[in-house]
2 protein chains.
Amino acid sequence: MNQMHAHAFDIGGPPLDEPKTLVEGAYRQLRRDIIEGRHPPGEKLRVEHLKDQYQVGAGTLREALALLVSDSLVVAQGQRGFRVSPISLSDIEDITRTRVLLECEALRQSMTAGDEAWEADVVSAFHRLTRAEEKLASDVEGAVNEWEERNRLFHEKLIAACPSRWTRQFLGVLYQQSERYRRISVLTRPVPRDVHDEHEKIFEATIARDTKTATKLLGGHIMRTFRAIESLAELHPGVFQPLQAAAAENGARPAVANDAARDKS
Amino acid sequence: MNQMHAHAFDIGGPPLDEPKTLVEGAYRQLRRDIIEGRHPPGEKLRVEHLKDQYQVGAGTLREALALLVSDSLVVAQGQRGFRVSPISLSDIEDITRTRVLLECEALRQSMTAGDEAWEADVVSAFHRLTRAEEKLASDVEGAVNEWEERNRLFHEKLIAACPSRWTRQFLGVLYQQSERYRRISVLTRPVPRDVHDEHEKIFEATIARDTKTATKLLGGHIMRTFRAIESLAELHPGVFQPLQAAAAENGARPAVANDAARDKS
DNA sequence: AAAGCTAAAAATCTCGAGAAAATGTGTTGA
DNA sequence: TCAACACATTTTCTCGAGATTTTTAGCTTT
């Protein structure tokens, strides 16, 4: 059955199925806008404004927002409406560590249970990711979105043979979260380190069925992504923290670094 | 209007406060009704019927159902309404294994980071659980609900000092799921094995800060609960499986326990 | 009888308006 | 200057009714 609500790992990038309902359409658009940072963390999501923007009734948008709570992308506060889930550096670290724990275990199980068809999918996904990384290096317009998509698919295919649906579901949620802050950091500086080499080594170890090496590399890879964000946050203090509290009023540009210090006085 | 239950310890969730909105009220009541099996797995949740039962408008109930998707207790199928998440034996095993992985890791971290206040909370929660287990043995009316509540709190307190909010959140979801099928199985047969002894040994190892022993015992404890369900499902074939597909038509009595028992005679 | 088509019934999905609550603003008084 | 109160605006929350889709039931045909 085509589940209306699905997490990141469940839905393929190109919309294979059109949204069957307005609620689902609004849900998908909103999810995309949140993940890609058009609705920054902490922003208040006013139904009255958003219903015009997304061309649906108030009740419909409300339901879409309620569905987004499933992905932990939106939080609902009693009589005070909805807002985008806040992000802090410690939260990002938590997301990363939990992801390492689950994704390494999932890869281990996937490598144990995976058959030839799975292997072929992994090869294919790695190939596509490689091509996207080449385009990214050439600084082609719009290559970032494609790279994000293929990076997600590569990670997804790696663990696709893991028999635990719950593990995959949780990883889907965590991946969405990490994509959110990765996108934010990209706004400041493009990816500097050699991710392709990391991906390649993970890929080779996986195909060689070297479980120990593959999980170790994958864990290091995820952790290193976080370290990059971390050092970036130190260079630009208040890139993440303010977004949590400041809560851009109505789509206001995140007036990030300035306000942080003034709060104390 | 609002709360019709008379029990003192009504709502198990973290918030002791009253629901601030009708949506939240319907959400909590529905969640309770699903977990306790009044809406069995797979049942279709018709808004038109439920809005009368829960005394709210259609849109309100719809939003409450959307919120329940967050807990993976309800699934939404585009243009075909909502239904209670199905359960199968393999799903239960998945829930159990994932729970073991996460809960053991959480306990390890909790035991490492926990201070005296945490220790005191664990002692208190264990004491309460012990009392509830005594009542359960005496076959006191309504003791099951109290035991469930305190069992949940004991497990929750054990990992309360784990610094990972995401791990705790995922465990909350998994625990709700496991409570759901545990309740179903209780309809057929009361808990036979000596859970108190298991709890006591876990408790002692935790307080003694014997990480290795504590996590090993906890893992075995959770796994053993599943084994009990599993053997029960073998004795009464079709206790869980049918609930997935059969999907009681319109609030039809699932006739779980009765049919299963009759099968044997 | 089984399969296929048509019409009625039920359920889902959607919107706009109105009541309740929260937020913002201005005024008054110490 | 600051605090407190009252009022006005915004926003959330809620319901009922109408349009679209799915499901069911009955009827015809092979």
Side-chain angles (χ1 to χ4, degrees), chain A residues 1-6 17-31 39 42-70 74-85 245-252 265, chain B residues 1-3 15 17-30 39 42-70 74-85 245-252:
Chain A
M1 314 270 176
N2 53 355
Q3 300 284 91
M4 166 170 114
H5 175 264
D17 46 359
E18 298 263 324
K20 291 295 179 199
T21 169
L22 288 188
V23 173
E24 190 181 349
Y27 163 74
R28 292 196 194 173
Q29 259 189 281
L30 264 166
R31 186 178 60 180
H39 295 301
E43 185 188 273
K44 190 98 172 46
L45 293 168
R46 291 182 181 81
V47 178
E48 295 297 304
H49 293 167
L50 266 51
K51 74 178 182 135
D52 300 324
Q53 186 177 339
Y54 291 92
Q55 307 267 4
V56 292
T60 303
L61 185 61
R62 236 176 131 58
E63 192 178 324
L65 286 171
L67 283 175
L68 280 166
V69 176
S70 313
V74 164
V75 290
Q77 315 169 281
Q79 196 87 254
R80 279 186 273 171
F82 301 87
R83 58 175 54 217
V84 181
S85 295
E249 200 57 8
N250 49 1
S265 59
Chain B
M1 305 248 293
N2 12 6
Q3 301 300 84
D17 47 6
E18 305 241 332
K20 290 295 177 199
T21 169
L22 287 187
V23 172
E24 194 181 343
Y27 163 74
R28 292 196 194 174
Q29 263 188 279
L30 264 167
H39 294 301
E43 185 189 88
K44 191 105 173 42
L45 294 168
R46 290 182 181 81
V47 177
E48 296 297 304
H49 294 168
L50 267 50
K51 74 178 182 134
D52 300 325
Q53 186 176 339
Y54 291 92
Q55 307 265 4
V56 292
T60 303
L61 185 59
R62 186 165 250 293
E63 192 179 324
L65 286 171
L67 283 176
L68 279 165
V69 176
S70 313
V74 164
V75 290
Q77 316 167 280
Q79 211 71 272
R80 273 190 279 176
F82 300 87
R83 58 174 57 217
V84 181
S85 296
E249 199 59 7
N250 49 0

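Letters go in sequence order (proteins before strands), and every chain restarts at 1. Just so it is clear, the values below take in all heavy atoms, side chains as well, and ignore hydrogens, waters and symmetry mates.
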Participant: Contacts to DNA chain C from residues 60-67 of chain B, heavy-atom cutoff under 4.0 Å, which residues?
Facilitator: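 Of all residues in residues 60-67 of chain B, the ones placing a heavy atom under 4.0 Å from DNA chain C are Arg62(B).
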Participant: Go through the steps for Leu67(A) and Arg31(A) under the test side-chain contact (heavy atoms from CB on, under 4.5 Å), then give the verdict.
Facilitator: CA-CA 10 Å; Leu67(A) 283 175; Arg31(A) 186 178 60 180; over 6 Å; no
Participant: Are Leu68(B) and Leu45(B) close enough that some pair of their side-chain heavy atoms sits under 4.5 Å apart?
Facilitator: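 The answer is no; the side chains never approach within 4.5 Å.
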Participant: How many Å lie between CG on Leu22(B) and C1' on dC13(D), as a whole number?
Facilitator: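 The answer, rounded to whole Å, is 8 Å.
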Participant: Starting at atom CD of Gln77(B), determine the distance to atom C1' of dC13(C), rounded to an integer number of angstrom.
Facilitator: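 Those two atoms, CD and C1', are 15 Å apart.
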Participant: Please report the shortest heavy-atom distance between Phe82(B) and Ala66(B), naming the atom on each side.
Facilitator: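 Minimum heavy-atom contact is CE2-N, 4.2 Å.
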Participant: Quick one: does any side-chain atom of Glu24(A) pair with a main-chain N or O of Lys20(A) as donor and acceptor, under 3.5 Å?
Facilitator: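 At least one qualifying donor-acceptor pair exists.
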Participant: Could you state the atom-to-atom distance from CG of Leu50(B) to P of dC13(C) in whole Å?
Facilitator: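 Rounded to whole Å, this separation is 14 Å.
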Participant: Which heavy atom of Pro19(B) sits nearest a heavy atom of Arg28(B), and at what distance?
Facilitator: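 The pair with the smallest heavy-atom distance is CD-NH1, 3.9 Å.
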Participant: Specify the separation, in whole Å, of atom CZ of Phe82(A) and atom C1' of dT12(D).
Facilitator: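 Computing the Phe82(A):CZ to dT12(D):C1' distance gives 9 Å.
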Participant: Whole-Å distance between dC13(D) P and Tyr27(B) OH?
Facilitator: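 Computing the Tyr27(B):OH to dC13(D):P distance gives 15 Å.
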Participant: For a quick test of reading the model, state the closest non-hydrogen atom pair linking Lys51(A) to Leu61(A) and the distance between them.
Facilitator: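 For Lys51(A) and Leu61(A), the tightest heavy-atom pair comes out as N-CD2, 3.4 Å.
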Participant: CD of Glu18(A) versus P of dT21(D): gap in Å, rounded?
Facilitator: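 Taking CD of Glu18(A) and P of dT21(D), I get 14 Å after rounding.
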Participant: Looking only at heavy atoms, what is the nearest atom pair of Lys44(A) and Arg80(A), with distance?
Facilitator: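 Looks like NZ-O, 3.1 Å.
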Participant: Is there a side-chain contact between Thr21(A) and the phosphate of dT14(C), meaning an N or O under 4.0 Å from OP1 or OP2?
Facilitator: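 For dT14(C), OP1/OP2 do have a side-chain N/O of Thr21(A) under 4.0 Å.
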Participant: Pick base, sugar-phosphate or nothing for Gly25(A), based on heavy-atom distances below 4.0 Å to the nucleic acid.
Facilitator: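 Touches nothing.
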Participant: Could you state the atom-to-atom distance from CD of Gln79(A) to P of dT14(D) in whole Å?
Facilitator: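 In whole Å, dT14(D) P and Gln79(A) CD are 7 Å from each other.
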Participant: Closest heavy-atom contact between Ser85(B) and Val74(B)?
Facilitator: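 Taking every non-hydrogen atom into account, OG-N, 3.3 Å.
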Participant: Rounded to the Å, how far apart are Gln55(B) CD and dT14(D) P?
Facilitator: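 So the two atoms are 14 Å apart, to the nearest Å.
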Participant: So which atom in Ala58(A) and which in Val47(A) form the shortest heavy-atom distance, rounded to 0.1 Å?
Facilitator: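 So the minimum-distance heavy-atom pair works out to O-CG1, 3.8 Å.
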Participant: Pairs under 3.5 angstrom, nitrogen or oxygen only, protein versus nucleotides 6-11 of chain C, please.
Facilitator:
{"unit_1": "dA11(C)", "atom_1": "OP1", "unit_2": "His49(B)", "atom_2": "NE2", "d": "3.3"}

